[in-house]
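What follows is one structure encoded as structure tokens, with my remarks underneath.
Naming convention: chains lettered A, B, ... in sequence-line order (proteins, then strands); numbering from 1 in each chain. Below, all heavy atoms of this structure are taken into account, side chains as well, without hydrogens, waters or symmetry copies.
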Protein chains: 2
Amino acid sequence: MSNLATALDVVGARWALLIVERLLDGPQRYGDLQRDLGVPTNMLATRLRELEAAGVLSRIPLHHNTRAYVLTERGLALRDAIAALARWGDGHTTG
Amino acid sequence: MSNLATALDVVGARWALLIVERLLDGPQRYGDLQRDLGVPTNMLATRLRELEAAGVLSRIPLHHNTRAYVLTERGLALRDAIAALARWGDGHTTG
DNA sequence: CGTCTTACTTGTATTTTGCAAGTGTCGCTT
DNA sequence: AAGCGACACTTGCAAAATACAAGTAAGACG
């Protein structure tokens, strides 16, 4: 299995990279992600669980029933890949 | 829609980036991609059609019923993004 | 003509995703 | 203490994407 395939196994699922991109701006709560991305709530819950299990992000309790999602070091390491993809997407629409 | 979302609209589907990665090594025929990637044949046909429509690759006739798939300039521009993702996948190595 | 290779298509089962509604917990108000 | 609203999910079901298996078309070769 190639390194690319390994990466896609973790962040290749739908919404995964978009969630990570959003978290690059700092910790976000569940409702924030939901509103900003327009992702279905069950998909968001599933992805957050998977990404946490993969060590990409972690939960941080805030108050009683609120918590924040924050990228781990491994999650932050996706910054370059996300930036490269976004650059490509930009050039794509412009050209 | 963010640039990342735009990019994922084109190359976010399953197998898409793996196909492009394979083509970075040079033109490949249908059977080559199928064997190397282990992708279902109907998915491969669908992806190749989509990627061609998106201007990522193009078909080049070889003989009677054989042709090669080759990346366009736009497809080649994915090299950085793919390399970044592969690097991340490598550093990940199970967690 | 029949056979082989290559590049697909078609049919159907399975998995993933999307939409709508419901659940549980806690703080706040009354 | 009872009711209400906000938040973070879960659950049920429909739609879409994907996987698996088999079939089709077209040309070279004998």
Side-chain angles (χ1 to χ4, degrees), chain A residues 1-2 4-23 25-54 56-72 75, chain B residues 1-2 4-23 25-54 56-72 75:
Chain A
M1 195 181 205
S2 75
L4 178 60
T6 304
L8 291 177
D9 255 18
V10 180
V11 293
R14 208 163 205 164
W15 299 107
L17 273 185
L18 292 169
I19 290 169
V20 174
E21 183 194 33
R22 197 71 198 77
L23 290 179
D25 284 348
Q28 308 284 334
R29 289 179 311 170
Y30 189 93
D32 296 334
L33 293 168
Q34 199 177 335
R35 274 185 298 277
D36 293 347
L37 298 176
V39 47
T41 178
N42 54 346
M43 279 292 98
L44 181 55
T46 300
R47 288 293 167 269
L48 289 173
R49 222 181 298 125
E50 291 168 350
L51 290 172
E52 185 185 20
V56 172
L57 56 82
S58 62
R59 293 162 204 256
I60 295 184
L62 297 182
H63 300 306
H64 59 300
N65 52 349
T66 67
R67 66 216 60 165
Y69 292 91
V70 60
L71 293 179
T72 62
Chain B
M1 196 180 202
S2 76
L4 178 60
T6 304
L8 292 177
D9 255 19
V10 180
V11 294
R14 200 169 282 184
W15 299 109
L17 273 185
L18 292 169
I19 291 169
V20 173
E21 182 194 33
R22 197 71 198 78
L23 291 179
D25 284 348
Q28 309 283 332
R29 289 179 313 169
Y30 189 95
D32 296 334
L33 294 167
Q34 199 177 334
R35 274 186 300 276
D36 294 346
L37 299 176
V39 47
T41 177
N42 54 348
M43 279 293 98
L44 180 56
T46 299
R47 288 292 167 272
L48 289 173
R49 222 182 298 126
E50 292 168 350
L51 291 172
E52 186 186 18
V56 172
L57 56 81
S58 61
R59 293 161 204 257
I60 294 185
L62 296 182
H63 300 306
H64 60 299
N65 52 351
T66 67
R67 65 214 63 166
Y69 292 90
V70 59
L71 292 180
T72 62

First-last contacting nucleotides on DNA chain C - partner chain B, under 4.0 angstrom, heavy atom
dT5(C) to dG11(C)
How sharply is the helix from dC1(C)-dG30(D) to dT30(C)-dA1(D) bent, taking the axes over five pairs at either end and rounding to 10 degrees?
10°
Can you name the residues that form a salt bridge (Lys or Arg N to Asp or Glu O under 4.0 Å) with Arg47(B), not counting sequence neighbours?
Glu50(B)
With a 4.5 Å limit on heavy-atom distance, are the side chains of Val70(B) and Leu23(B) in contact?
no
Would you name the heavy atoms of Leu17(A) and Leu4(B) that are closest together and state the gap between them?
O-CD2, 3.7 Å
If you take all heavy atoms of Ser58(B) and Thr72(B), which pair is closest and at what distance?
N-CG2, 4.2 Å
Side chain of Asp36(A), backbone of Leu33(A): donor and acceptor closer than 3.5 Å?
no
Might you point out which heavy atoms bring Met1(B) and Ala5(B) nearest each other, and give the distance in Å?
CG-CB, 3.5 Å
Throw together a table of side-chain donor-acceptor distances under 3.5 angstrom for residues 38-46 of chain B, partners on residues two or more places apart or in other chains.
from	atom 1	to	atom 2	distance (Å)
Thr41(B)	OG1	Tyr30(B)	OH	2.6
Thr46(B)	OG1	Asn42(B)	O	2.9

Polar atom pairs between nucleotides 7-13 of chain D and protein, under 3.5 Å, N or O only, would you list them?
from	atom 1	to	atom 2	distance (Å)
dA8(D)	OP2	Gly31(A)	N	3.1
dC9(D)	OP1	Arg59(A)	NH1	3.2
dC9(D)	OP1	Arg67(A)	NH1	3.3
dC9(D)	OP2	Tyr69(A)	OH	2.1
dT10(D)	OP2	Arg49(A)	NH2	3.0

Non-hydrogen side-chain atoms of Tyr69(A) and Arg29(A) separated by less than 4.5 Å
no
Within a strict 4.5 Å, meaning less than it, do heavy atoms of the Leu18(B) and Ser2(A) side chains meet?
yes
Residues touching DNA chain D, which here means a heavy atom under 4.0 Å, drawn from residues 14-21 of chain B:
Arg14(B), Trp15(B)
Considering only heavy atoms from C-beta outward, does the side chain of Val10(A) approach that of Val56(A) to under 4.5 Å?
yes
Looking only at heavy atoms, which two atoms of Asp32(B) and Gln28(B) are closest? And how far apart?
CB-OE1, 3.7 Å
Of Arg47(A) and His64(A), the one whose nearest nucleotide on DNA chain C sits closer to the 5' end is Arg47(A)
Compare every heavy atom of Ala16(A) with every heavy atom of Leu51(A), then report the nearest pair and how far apart it is.
CD1-O, 4.1 Å
